[in-house]
Amino acid sequence: MLLSVQKVSKRFGGLWALREVDLDVDEGEILGIIGPNGAGKTTLFNCITGYYRPDSGRIVFRSIDITGKPPYKISKLGIARTFQLTKAFNNLTVYDNIRISALAGSGSSSDISRALDLSGLQDKKDFLACNLTLIERKRLELARALSTKPKLLLLDEVMAGLKPYEADEILKVIRDINNEGVTVIVVEHVIRTIMRLCRRVVVLDYGVKIAEGSPEEVVRNERVIKAYLGEEFVT
């Protein structure tokens, strides 16, 4: 087991964003997390990566309790993430964007080159980030995260806004990253994408884990159908 989320809760005022969520991630897998808007998916990522401190519960990574540690320390331990909205330095080149991120790891040119290769951006390395297309900006987000040499990569809707054929390209990149030994957790809204990518899926709804299993099991789960389509659709 690489990561263990143990009964993690997070509340904002009177709203429970997460409520006693349990989640185990095995080394080498690609785990999918799905759920409707407001389900707590990004909040869970924020707790794992140190942007939020959980109100209760523990998060253990490689046998180290990382609960409440700041993001830079968690990054040093081997966790990286992408964000729903790309956060590149628009006035810098692709290479320089990745080089800055690589400083959180070894900062070596080999790590930068590996990130460029895996993301498919070698031929764009001298382009300014502001001149990239949407899919290229998504690839840059992946490359920046990869340059830190993570053991665990958290992808927050990295395929949002892409056309189907572009999403297929990113799926291939994610598989290539995983084949390089990086464990991946993917947050997505599109169940079709998760079914093609993951062997195990966790479903959140209003901050509670309501289902876990193979994609085939999850899509037949009545609670999952209600969460996505509404109770009146099921009944």
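FYI, the numbering just counts along the sequence from 1.
- Hydrophobic clustering (side-chain heavy atoms under 4.5 Å, transitive across Ile, Leu, Val, Met, Phe, Trp, Tyr) keeps Leu2 apart from Ile177.
- From Lys138, atom NZ reaches atom OG1 of Thr133 across 11.0 Å, with rounding to the nearest 0.5 Å.
- Residue-environment remark: CD (Gln122) exceeds the threshold of 12 foreign heavy atoms within 6.0 Å.
- Here CZ of Arg223 is found 8.5 Å from NZ of Lys226. Values are rounded to the nearest 0.5 Å.
- In this structure, the side chain of Ser9 engages the main chain of Glu20 through a donor-acceptor pair within 3.5 Å.
- Hydrophobic clustering places Met195 together with Val184 (ILVMFWY residues linked when any side-chain heavy atoms are closer than 4.5 Å, directly or through intermediates).
- Side-chain contact between Ile79 and Ile66: present, with at least one pair of heavy atoms (C-beta onward) separated by less than 4.5 Å.
- For Arg200, the salt bridge (charged side-chain N to carboxylate O under 4.0 Å, His left out) partners two or more places apart in sequence, or in a different chain, are Glu29, Glu212.
- Closest of all the heavy-atom pairs between Ala211 and Asn221 is CB-ND2, 3.8 Å.
- Hydrophobic cluster membership differs between Leu153 and Leu3, with clusters built from Ile, Leu, Val, Met, Phe, Trp and Tyr side chains linked at under 4.5 angstrom.
- Listed by chain and number, the residues in a salt bridge (charged side-chain N to carboxylate O under 4.0 Å, His left out) with Lys125 amount to none (sequence neighbours excluded).
- Counting all heavy atoms, side chain and backbone alike, Ile59 lies closest to Cys47 at CD1-O, 3.5 Å.
- In this structure, Arg58 and Thr67 approach most closely via the heavy-atom pair CA-OG1, 3.3 Å.
- A cation-pi contact, defined as under 6.0 Å to the ring centre and within 45° of the axis, links Lys10 to Phe12.
- Once rounded to the nearest 0.5 Å, the distance linking CD1 of Ile194 with CE of Met159 reads 6.5 Å.
- For Arg114, the salt bridge (charged side-chain N to carboxylate O under 4.0 Å, His left out) test picks out Glu180, with sequence neighbours left out.
- Heavy atoms only, all atoms of each residue included: Leu134 and Gly161 are closest at CD2-O, 3.5 Å.
- The two residues Thr82 and Leu155 come nearest to each other via the heavy atoms OG1-CA, 3.4 Å.
- Inter-residue side-chain proximity for Val202 and Val21 is flagged as unmet; no heavy-atom pair is nearer than 4.5 Å.
- Checked by atom type, the side-chain pair Asp24/Ser4 shows a donor-acceptor distance below 3.5 Å.
- Residues in residues 165-178 take part in these side-chain hydrogen bond (donor to acceptor under 3.5 Å, both in side chains) pairs, two or more places apart or across chains: Arg139-Glu169, Asp168-Arg196, Lys172-Asp176.
- From Ile98, atom CD1 reaches atom OG of Ser109 across 12.5 Å, with rounding to the nearest 0.5 Å.
- For Phe83, the CZ atom sits in a packed shell: over 12 heavy atoms of surrounding residues, nucleotides or ligands are nearer than 6.0 Å.
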**Report entry** CA sep, side-chain torsions, deciding dist, call: Leu23, Leu44, side chain to side chain contact (heavy atoms under 4.5 Å, CB included)
**Finding:** CA-CA 10 Å; Leu23 175 69; Leu44 178 60; 4.0 Å; yes

Query raised in the report: Stepwise, does the side chain to side chain contact (heavy atoms under 4.5 Å, CB included) test hold for Val94 with Leu116?
Result: CA-CA 9 Å; Val94 166; Leu116 284 165; 4.0 Å; yes

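- One N or O on the side chain of Asn97 and one on the backbone of Phe89 form a donor-acceptor pair closer than 3.5 Å.
- Applying the side-chain hydrogen bond (donor to acceptor under 3.5 Å, both in side chains) test to residues at least two apart or on different chains, the pairs with a partner in residues 31-42 are Asn37-His189, Thr42-Gln84, Thr42-Asp156.
- Linking ILVMFWY side-chain heavy atoms closer than 4.5 Å, directly or via other members, places Ile174 and Leu162 in a single hydrophobic cluster.
- Note on Val60: it does not cluster hydrophobically with Val25, by side-chain heavy-atom contacts below 4.5 Å among ILVMFWY residues.
- Looking at every heavy atom in both residues, Arg137 comes nearest to Ala88 through NH2-CB, 4.4 Å.
- Looking at Ile100 and Leu92, their side chains come closer than 4.5 Å, going by heavy atoms from C-beta outward.
- A heavy-atom distance below 4.5 Å is not found between the side chains of Ser119 and Leu140.
- Contact of the Phe61 side chain with the Lys69 side chain is not registered, since no non-hydrogen atoms from C-beta on lie closer than 4.5 Å.
- The distance from atom CD1 of Ile48 to atom OG1 of Thr43, rounded to the nearest 0.5 Å, is 11.0 Å.
- In this structure, NZ in Lys124 is found 7.5 Å from CG in Leu132, a value given to the nearest 0.5 Å.
- In this structure, the side chain to side chain contact (heavy atoms under 4.5 Å, CB included) partners of Val218, at least two apart in sequence or on a different chain, are Ile34, Val201, Val203, Val224.
- At distances below 3.5 Å, at least one donor-acceptor pair connects side-chain atoms of Thr49 with backbone N or O atoms of Phe45.
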Requested in this report: In sequence, state the C-alpha distance, the side-chain angles, and the governing distance for Arg220 and Glu216, and then conclude on salt bridge (Lys or Arg N to Asp or Glu O under 4.0 Å).
Outcome: CA-CA 7 Å; Arg220 292 195 299 266; Glu216 294 77 16; over 6 Å; no

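- With respect to the salt-bridge test (charged N to carboxylate O, under 4.0 angstrom), the residues Lys209 and Asp22 do not qualify.
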